Amino acid sequence: MNQRFTFASLLCFMFLSWGASAQEPQFSNFYATTLYTNPAFTGRTSHQYQFTTNFRRQWHNRGSFTTGFLSADYAFNRFGVGLTAYTDQAGAAPLTTVQTSASLSYGVQITPKLDFVAGFQGSYYDQRLREDYIWIDDYISNNPNALAPGVVNQYFNLSLGVMLIHKSFWLGGALKDLLPNPGLNTASPYYLVSANRNTGSYYGRFSVHGGYSQFLMPRQLFFTSYANFRSRGTVRQWEAGFNVAYRPLTPGGHAADIVLGMGGGYRGFFRTLENLSTRDAAIVNASITWPKGFNLGSSPMLRHQIQVVYSYDITVSRLSQSGGAHEVTLAFKLSDLRMESSWARTISRRQHIADPRDCPTHEVKDVYVPR
């Protein structure tokens with residue numbers, strides 16, 4: 001029984017640390033999981049195609065909480081389309097969540113240096129909670145009917161987002177999970193392990209976020225920052241971070257084909273359930289980027305980029321003994337520069353989110369023309 005109450009306390013605080021009192025993963029590599037934050041990010045990078053995989057392992061001293069995330073998006077002239085999926089396992093496999101999503105964005109030019117983008121996302125959730133981890137208060141009174149069967153919670157939901165994108169900054173907001181979650185009600189065990197709530201009110205996630213970027217040294221040292229506030233139910237969470245990307249010069253004075261990055265951040269709460277600690281985690285990260293990919297005889301018609309990012313969360317809450325969180329991201333980005341491709345013209349006419357791990361030496365201007 002004591003083990004169950006210990007696990008219950010940890011599980012409830014886990015919900016808070018991930019930004020909600022319902023099951024919701026938390027990622028530290030913000031720019032690697034932007035489609036999870038706001039569907040208006042879809043197709044708004046400096047490359048035509050983007051593929052990202054992200055793996056996070058948290059609190060390994062308490063059974064390990066792991067999340068795997070995949071995303072792919074493609075940019076048209078005004079539209080962007082994307083697909084995402086994640087699988088989340090809380091502890092020793094009592095609670096698992098699988099989500100798959102499809103997103104669409106559309107942007108218009110307000111001024112030559114400012115774009116407005118709206119995004120829409122549809123998501124399908126599959127949540128499962130094992131029978132031996134479900135209990136209610138009457139179980140303490142030896143009520144044989146108190147132990148509930150295992151739960152399978154499957155439902156569809158919608159999200160909306162908007163963004164303003166300038167060459168040096170961006171601002172956005174999103175409403176996630178606009179439709180009711182059938183598992184979040186007083187008749188469901190999900191209600192019991194995720195604290196009391198008013199099921200008649202909106203229980204989606206509201207978030208606002210923004211970022212800023214500029215060169216500290218032309219073509220060599222690039223600075224980016226971001227901030228994100230989100231609210232779900234009674235939980236108010238914020239996070240902010242920065243990154244510096246450095247591109248060294250070769251002995252001949254040319255930009256090297258490698259970019260090194262490092263950064264940091266902090267995540268905390270404005271308000272939590274039961275007046276728990278407002279501290280969460282300090283974040284450190286490092287990255288390495290190959291702006292031209294691994295050019296082993298590859299065609300100049302396709303410009304690709306490879307990126308590896310590692311971050312570590314230093315837990316500063318009361319769960320510091322549970323261990324921190326490791327997160328690894330692998331990203332592959334591709335642009336089509338063939339003569340019949342319109343990508344070079346597209347990227348020169350619209351605004352995009354600056355890559356914090358890159359240090360671009362020039363804009364895409366030249367299109368490959370075969371001899």
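For this chain, numbers begin at 1 and follow the sequence in order. The model shown is predicted, which means the values in this text are computed figures rather than measured ones.
- Scanning both residues, Ser46 and Ser335, for their nearest heavy atoms gives O-OG, 4.1 Å.
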Check against side chain to side chain contact (heavy atoms under 4.5 Å, CB included), Glu327 and Phe27: CA-CA 8 Å; Glu327 194 168 323; Phe27 297 103; 3.7 Å; yes
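- Grouping the Ile, Leu, Val, Met, Phe, Trp and Tyr side chains by contacts below 4.5 angstrom, directly or via other members, places Phe116 apart from Ile353.
- Here the straight-line distance linking atom NE2 of His254 with atom CG of Leu249 works out to 10.0 Å at 0.5 Å rounding.
- A centroid separation of less than 6.0 Å is found between the aromatic rings of Tyr155 and Tyr125.
- Contact check on Asp73 versus Arg44 returns no salt bridge, with no Lys/Arg side-chain nitrogen under 4.0 Å from an Asp/Glu carboxylate oxygen.
- Looking at Glu239 and Asn228, their side chains do bring a donor and an acceptor atom within 3.5 Å of each other.
- Contact between Ala174 and Thr37 at its shortest, heavy atoms only, is CB-O, 3.6 Å.
- With a 4.5 Å cut-off on side-chain heavy atoms, Phe69 and Thr84 count as touching.
- Looking only at atom types and distance, the side chain of His166 has a donor-acceptor partner in the side chain of Ser168 under 3.5 Å away.
- Between Pro356 and Tyr31 there is a side-chain heavy-atom pair separated by less than 4.5 Å.
- The two residues Ala331 and Thr52 come nearest to each other via the heavy atoms CB-OG1, 4.0 Å.
- For the atom pair CG (Leu330) and CZ (Phe51), the distance works out to 12.0 Å, reported to the nearest 0.5 Å.
- When side chains are defined from C-beta on, Arg128 does not count as touching Val98, because their heavy atoms never get closer than 4.5 Å.
- With hydrogens and angles disregarded, no donor-acceptor distance shorter than 3.5 Å links the side chain of Gln305 to the backbone of Asp358.
- Ser28 and Arg56 share a donor-acceptor pair across their side chains, judged by distance under 3.5 Å alone.
- Judged by distance alone, the side chains of Asp313 and Gln58 never bring a donor and an acceptor atom under 3.5 Å apart.
- Between Ser101 and Ser123, the side chains place a donor N or O and an acceptor N or O closer than 3.5 Å (distance only, hydrogens not considered).
- For the residue pair Asn153/Gln127, the side-chain donor-acceptor check at 3.5 Å is satisfied.
- Shown here for Ala354 and Ser213, the closest heavy-atom pair between the two residues is CB-OG, 3.7 Å.
- You'll find the side chain of Lys333 reaches within 4.5 Å of the side chain of Gln307, heavy atoms only.
- Residues His209 and Phe229 form no side-chain contact, since every pair of their non-hydrogen atoms from C-beta on lies 4.5 Å or further apart.
- Geometrically, Arg205 engages Tyr36 in a cation-pi contact, judged by NZ or CZ lying under 6.0 Å from the ring centre and within 45° of the ring axis.
- Legend: residues meeting ring-ring contact (aromatic ring centres under 6.0 Å, His included) with Phe332, ordered by chain and number and at least two apart, are His304.
- Under the 4.5 Å side-chain heavy-atom criterion for Ile, Leu, Val, Met, Phe, Trp and Tyr, Tyr106 and Leu171 are members of distinct hydrophobic clusters.
- For Phe41 and Trp170, the ring centers sit closer than 6.0 Å to each other.
- Shown here for Arg357 and Ser287, the closest heavy-atom pair between the two residues is CD-OG, 3.7 Å.
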Side chain to side chain contact (heavy atoms under 4.5 Å, CB included) evaluation trace for Ile283 with Ile314: CA-CA 6 Å; Ile283 305 165; Ile314 304 170; over 6 Å; no
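- Annotation: the span from Trp343 atom CH2 to Ser348 atom OG amounts to 10.0 Å, rounded to 0.5 Å.
- For Asn285 (side chain) and Met262 (main-chain N/O), no donor-acceptor pair under 3.5 Å exists by modelled atom type.
- Checking Asp126 against Gln99 by side-chain atom types alone, no donor-acceptor pair falls below 3.5 Å.
- Note on Val259: it does not cluster hydrophobically with Leu221, by side-chain heavy-atom contacts below 4.5 Å among ILVMFWY residues.
- Side-chain atoms of Gln121 never come within 3.5 Å of backbone atoms of Leu83 as a donor-acceptor pair (strictly under, hydrogens ignored).
- At a threshold of 4.5 Å between non-hydrogen side-chain atoms, the residues Leu160 and Leu178 count as touching.
- A donor-acceptor contact closer than 3.5 angstrom links the side chains of Thr329 and Asn29.
- Ile110 contributes atom CD1, which lies 7.5 Å from atom CG of Asp115 (distance to the nearest 0.5 angstrom).
- The distance from atom CZ of Phe215 to atom OG1 of Thr224, rounded to the nearest 0.5 Å, is 11.0 Å.
- Counting heavy atoms from C-beta outward, Ile258 and Ile288 have side chains that approach closer than 4.5 Å.
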Step-by-step side chain to side chain contact (heavy atoms under 4.5 Å, CB included) determination, Trp238 to Phe270: CA-CA 7 Å; Trp238 68 274; Phe270 286 115; 3.6 Å; yes
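- Defined by atom type and a distance below 3.5 Å, a donor-acceptor pair is present between the side-chain atoms of Gln237 and Gln26.
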Evaluation steps, ring pair (Phe, Tyr, Trp, His ring centres under 6.0 Å), between Tyr49 and Tyr74: CA-CA 5 Å; Tyr49 305 83; Tyr74 174 80; 4.8 Å; yes
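- Atom-to-atom distance recorded for Ile306:CD1 and Leu334:CG is 10.5 Å, nearest 0.5 angstrom.
- By the criterion of side-chain heavy atoms lying less than 4.5 angstrom apart, applied directly or through intervening Ile, Leu, Val, Met, Phe, Trp or Tyr residues, Tyr226 is not grouped with Leu216; the two fall into different hydrophobic clusters.
- Residues Phe79 and Val108 share a single hydrophobic cluster, defined by chaining ILVMFWY side chains whose heavy atoms lie under 4.5 Å apart.
- Remark: the backbone N or O of Ala256 is paired with a side-chain donor or acceptor of Arg247 at under 3.5 angstrom.
- Heavy-atom minimum distance, His352 versus Thr45: CB-O, 3.5 Å.
- Under the 6.0 Å cut-off for aromatic ring centres, Phe156 and Tyr124 do not qualify, their centroids lying 6.0 Å or more apart.
- In this structure, Tyr310 has its ring center at least 6.0 angstrom away from the ring center of Tyr312.
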